[in-house]
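By convention in this document, chain letters (A, B, ...) are assigned in the order of the sequence lines, proteins followed by strands, and residues within each chain are numbered from 1.
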Amino acid sequence: MDRTASRGAGELASRYDPAEVEGRWAARWAEQPFTADPYSPKQAFTIVIPPPNVTGALHLGHAFDNTIIDVLIRFKRMQGFEALFQPGTDHAGIATQVQVERELKRQGASRYDLGREAFVDRVWEWKREYGGVIIEQLQRLGISASWDRLRFTMDEGLSEAVRRQFVSLFHQGKVYRAERIVNWDPASQTVLSEMEVDREERPAEMYELAYELEDGGALTIATVRPETIFADVAVAVHPEDQRFEGLVGRRVRIPLTDRWVPVIADEAVERDFGTGALKITPAHDPTDFEIGARHDLPRPSIIDKDAKLTGEYVPEGFRGLDRFEARSRVVGALEAAGALTGRREHTVALGLSQRTGEPVEPLLSLQWFYDTDEAAAKALKRVESGEVGFVPERYTKVDADWLRNLRHWCISRQLWWGHRIPAWYDADGNVYVPPADDPLTDPTDDPRWSGLDLQRDPDVFDTWFSSNLWPFSTLGWPDEDDPYFRKFYPTDVLVTGYDIISFWVSRMQIAGEEFTGRPPFRTVLLHGLVLDAEGQKMSKSKGNGVDPLDTIERYGADALRFAVSRASTGGQDVRWDDRIVEMGRNFATKLWNAARLVSMQEGTPHAGSLKDSPNLADRWLLSRLQRATTEITASLEAYDLGAANRAAYEFVWSELCDWYLEAAKAPLRAGDGHALATVNHALEAVLKLLHPMMPFVTSELYQALGHAEQVAESEWPTADDSLLDPEAEAAFERVMSAVTAARNLRSEAELSPSRTIEVWAHGPGASGLSSAKGLFESLARATLREGLPEGAALVGALPDVELRLPLAGQVDVAAYGERQRGRLEKARAEMERSGKKLSNERFVQGAPAEVVEEERRRMAEAASLVERLERALADLVS
RNA sequence: GGGCGGUUAGCUCAGCGGGAGAGCGUUCGCCUUACACGCGAAGGGUCGGGGGUUCGAAUCCCUCACCGCCCACCA
């Protein structure tokens, strides 16, 4: 073993071990996080984390959000921005509560056994125990957030922000309490917003029921919920429906009861659907609620919060029955009573609780609502004017449509875990809310109301009623003088999956307008969803999720980040494929070994300008590096991580490693200072360019090259156009083609790669090739001679030169000839195509000059190739 | 019922107006002193179908088919 090899081996292990290296750097970045200085003169660049559930575990969705954000943050930081990646977690009300309740259940208890206070303590305990897990996992991913600024939605400051939000909106009249039809989840015993309800197509039955008319005859209605007939207050038909002319104003009897209800006319009734007559149940159906309101009808409820039939309107035999049980019993009774006149299969869009999977029950309930109309309109303007942009652009419309069609948001939840609503009620149900200028004082401490017995609302806010403030509550708001708020708000980019636009993005836009008068971010960068190998969305319930930590363990976090970066193209959904991660792992190893090769070199790099190098390979590489730098930088600036990834991969593997390093080996061995300077420079640049996507291996290698500062703190490379060298690129590419042709000859001749072959060059390009003799010979492992060799030879034809390899005995000439004929066919086809095009007057006239010129060049090349191949074949036969 | 995305090599995907690309897999060689997580060579596609625009279409327009997603109060 020679000295250089042993020295290199001492510096860098011969095989890259991601686990060891990554663990070390992850710990370093966790302990000494990248901080952002609010007083820095540098321009701010801010991204807030989409806060993960505090008790959750890292999944691929998080890996996407955070990798993309971290790539942008590291990139901008290196570009000289004061970059803040604001981290934190969400208390995730219902999700966390359900989780802790499940744990309690395993111990044979329920939250009611503990009582509210003890239960909430229990959740805090749970949070203390598991709340750090996801943070550690993110740190393991190499996320360079400002961990010293970790925030939680239920921190004191953020809770204050939520309280201020409510109080302010209340006094503006935008938040109000009202009885409305809500989506009730009987399993978790809370109301849900529209968005927390998943619609699922389910087969069901539609029943036709005959309601007896008071003057004889019957009116037949259609329903999928016969069990709700007891809450009927009317039957509605369309005002212009001639079938029911004369019936409006008369009364019908609800089957199985003695109640008579009026027939009313309402435009909401669809004439073509069902029988054209609709039973009206205002307390258990949103449409019916509205129709009932228009006609001033009562709203009797007959389904309770456990989804059981209840109340005096329900005949005794059905009282206490679960809704579904009740349905079949009611249908039986209707049939027996002769009121069931028809039934048929029908698909319904059943609402299911996103959390519990339980069918939600629409019922009447007194809840808090938030009228977002005014702020949404302002937010919409920003979107329409382009002040807030979406990447990819098509989501602009999704967001705008959403902002346009918002309904009032039900913000109260019957949970214990969350921000408790700061509203109090007296015995008469009057509402007391802290004053606008002093939102933190409880009304019970307010001297004005000291004589009253005020009870605080037991409910808490919807989780999103705190995460909507996230882009500014984490930066110190409501303290508008907080230096972080001043420096880093509004944030620059919001990165998240497109499935969260309605939940979070639009609500942050609204909150930003409402409380800061500014949009909370300038750009919304949306990524696709992660699908499994079958194209199914990954989800906990399906159990088809990939555990990113497992992936990290097997391939390394850099490899995972590489895969995420590469998959981030155009907001496209990604079918997760470990082969891409493998590609990333291999790439990290490739980089490692390239650095190892470089670190093994001894000698003194040329001290002057890189432009001084007389070596064709150096000039070629430096020129290519400028192009790669430009492309990678532009791609990152356009938030196109996929393109940046591909450009970097291509340059490093196919150009730097496959060609340049091979070409440079000989000069380096000879102590060429120009080659050494070039290779050092290129490697350093590559480490920087790759650092955002693969922070671990690049940090380790940068350090190994002897830098005291971290690569993360180094300056982002800028392309130096004076190093662009189209001439060198073209010349080196000719050498590359010749080398490939020579290697092909070796392969055709079945000669061992270890053997040096003798290659003869003939043709106008031969002398050019000879001028790069050394390069060609070392890359092709050949001896280059000019001219034509004696006797039979294999021929590799290039447009301007042909390479001949004198025939050794063992070659299968017939097979070789076959392949050669194939090449000739291709070249002829090429020639024909070009010829056709060039003889087309309209092409020559209509196409841009350079395109026509290019075509002429192609034509000439093809013609020359055909000629060489024909001659070579003739030689072979002779 | 509206809206959006997808259909490119066996698989997973880039490319989105000037002669089809990558990784994996396949075939043939190689432990060539950075790397077998590697090196060299090769094979493989009428870019879902049909129409149109254009000198020129995988790329733009229309249309059809299939796959997927989002929104929607026909009970």
Side-chain angles (χ1 to χ4, degrees), chain A residues 1-2 4-5 8 12 14-16 181 199 206 221-225 236 268-274 277-281 285-291 346 348-349 362 392 394-395 397-398 401-402 405 498-499 501-502 528-529 531 533 535-537 555 559 566-567 569-580 582-583 585-600 642-643 646 649-650 654 657-658 661-662 665 669 740 743-748 750-755 781 819 830 833-834 837 840-848 850-852 854-855 858:
Chain A
M1 187 114 314
D2 66 40
T4 50
L12 293 174
S14 64
R15 195 187 174 95
Y16 178 51
I181 292 271
R199 299 282 157 184
M206 182 146 79
I221 61 95
T223 182
V224 294
R225 296 207 64 187
V269 179
E270 293 283 336
R271 276 174 280 188
D272 303 335
F273 191 82
L278 173 62
K279 73 189 205 60
I280 302 300
T281 319
D285 183 278
T287 310
D288 293 9
F289 179 88
E290 281 168 28
I291 295 175
H346 182 69
V348 294
R394 63 178 186 276
Y395 288 109
K397 195 165 157 333
V398 176
D401 285 350
W402 191 257
N405 298 315
Y498 64 74
D499 58 330
I501 293 176
S502 53
L529 272 26
L531 312 177
Q536 300 281 311
K537 195 174 158 179
Y555 300 104
R566 182 165 269 255
T569 45
Q572 233 29 272
D573 286 349
V574 305
R575 218 177 262 234
W576 193 248
D577 187 342
D578 268 353
R579 289 177 303 181
I580 313 298
E582 210 166 306
M583 203 174 164
R585 178 256 261 146
N586 295 350
F587 188 48
T589 305
K590 188 75 181 177
L591 193 62
W592 179 268
N593 281 299
R596 215 158 77 86
L597 174 68
V598 174
S599 74
M600 283 174 183
R646 277 167 242 275
Y649 182 89
E650 166 74 15
S654 308
C657 292
D658 284 351
L661 290 181
E662 293 306 322
K665 274 176 181 173
R669 220 173 284 138
T740 299
R743 285 169 176 171
N744 178 259
L745 290 176
R746 176 199 298 280
S747 205
E748 299 264 26
E750 293 176 350
L751 293 173
S752 157
S754 58
R755 200 173 128 188
R781 222 173 236 259
R819 287 191 292 271
E830 185 89 11
R833 244 174 299 160
S834 281
K837 220 163 175 179
N840 179 353
E841 201 54 32
R842 291 192 302 174
F843 171 71
V844 181
Q845 298 301 317
E850 64 266 28
V851 173
V852 177
E854 171 71 10
E855 202 57 49
R858 282 199 180 113

Span that lies between the [atom1] atom of [M] and that of [N], in whole angstrom:
| N | M | atom1 | value |
| --- | --- | --- | --- |
| G6(B) | C13(B) | C1' | 12 Å |
| U32(B) | G40(B) | P | 14 Å |
| U26(B) | C62(B) | C1' | 40 Å |
| A72(B) | G10(B) | C1' | 41 Å |
| U7(B) | C61(B) | P | 15 Å |
| A36(B) | G44(B) | P | 31 Å |
| G19(B) | C24(B) | C1' | 27 Å |
| A57(B) | U8(B) | C1' | 14 Å |

I want to check one thing: is the phosphate of [N], taken as OP1 and OP2, less than 4.0 Å away from some side-chain N or O of [X]?
| X | N | result |
| --- | --- | --- |
| Arg646(A) | A22(B) | no |
| Thr569(A) | A14(B) | yes |
| Lys837(A) | G18(B) | no |
| Asn405(A) | A72(B) | no |
| Arg575(A) | C13(B) | yes |
| Thr740(A) | G40(B) | no |
| His346(A) | A75(B) | yes |
| Asn840(A) | G56(B) | no |

Rounded interatomic separation in angstrom, taking [atom1] from [X] and [atom2] from [N]:
| X | N | atom1 | atom2 | value |
| --- | --- | --- | --- | --- |
| Arg585(A) | A36(B) | CZ | C1' | 12 Å |
| Leu661(A) | U33(B) | CG | P | 16 Å |
| Asp573(A) | U12(B) | CG | P | 14 Å |
| Arg842(A) | G18(B) | CZ | P | 19 Å |
| Arg833(A) | G19(B) | CZ | P | 11 Å |
| Met583(A) | C35(B) | CE | P | 22 Å |
| Tyr555(A) | G23(B) | OH | P | 18 Å |

(request) With the side chain of Gln572(A) defined as its heavy atoms from C-beta on, choose the nearest nucleotide among G6(B), G18(B), A75(B). (result) G6(B)
(message) Salt bridge or not between Glu855(A) and Arg858(A)? Use side-chain N to carboxylate O under 4.0 Å.
(response) yes
If you go through the side-chain atoms of [X], does one of them form a donor-acceptor pair with the base of [N] closer than 3.5 Å?
| X | N | answer |
| --- | --- | --- |
| Glu662(A) | A34(B) | yes |
| Ser834(A) | G19(B) | yes |
| Lys279(A) | A75(B) | no |
| Arg579(A) | C11(B) | yes |

(request) Write out the stems for RNA chain B, ordered by first number and formatted as range with range, counting runs of at least 3 consecutive Watson-Crick or G-U wobble pairs under 3.5 Å. (result) B:1-7 with B:65-71, B:10-13 with B:21-24, B:26-30 with B:38-42, B:48-52 with B:60-64
(message) Heavy-atom nearest nucleotide on RNA chain B for Arg743(A) versus Arg566(A): which residue maps closer to 5'?
(response) Arg566(A)
(request) Could you check Trp576(A) against Asp288(A) and say which one's nearest nucleotide on RNA chain B is further toward the 5' end? (result) Trp576(A)
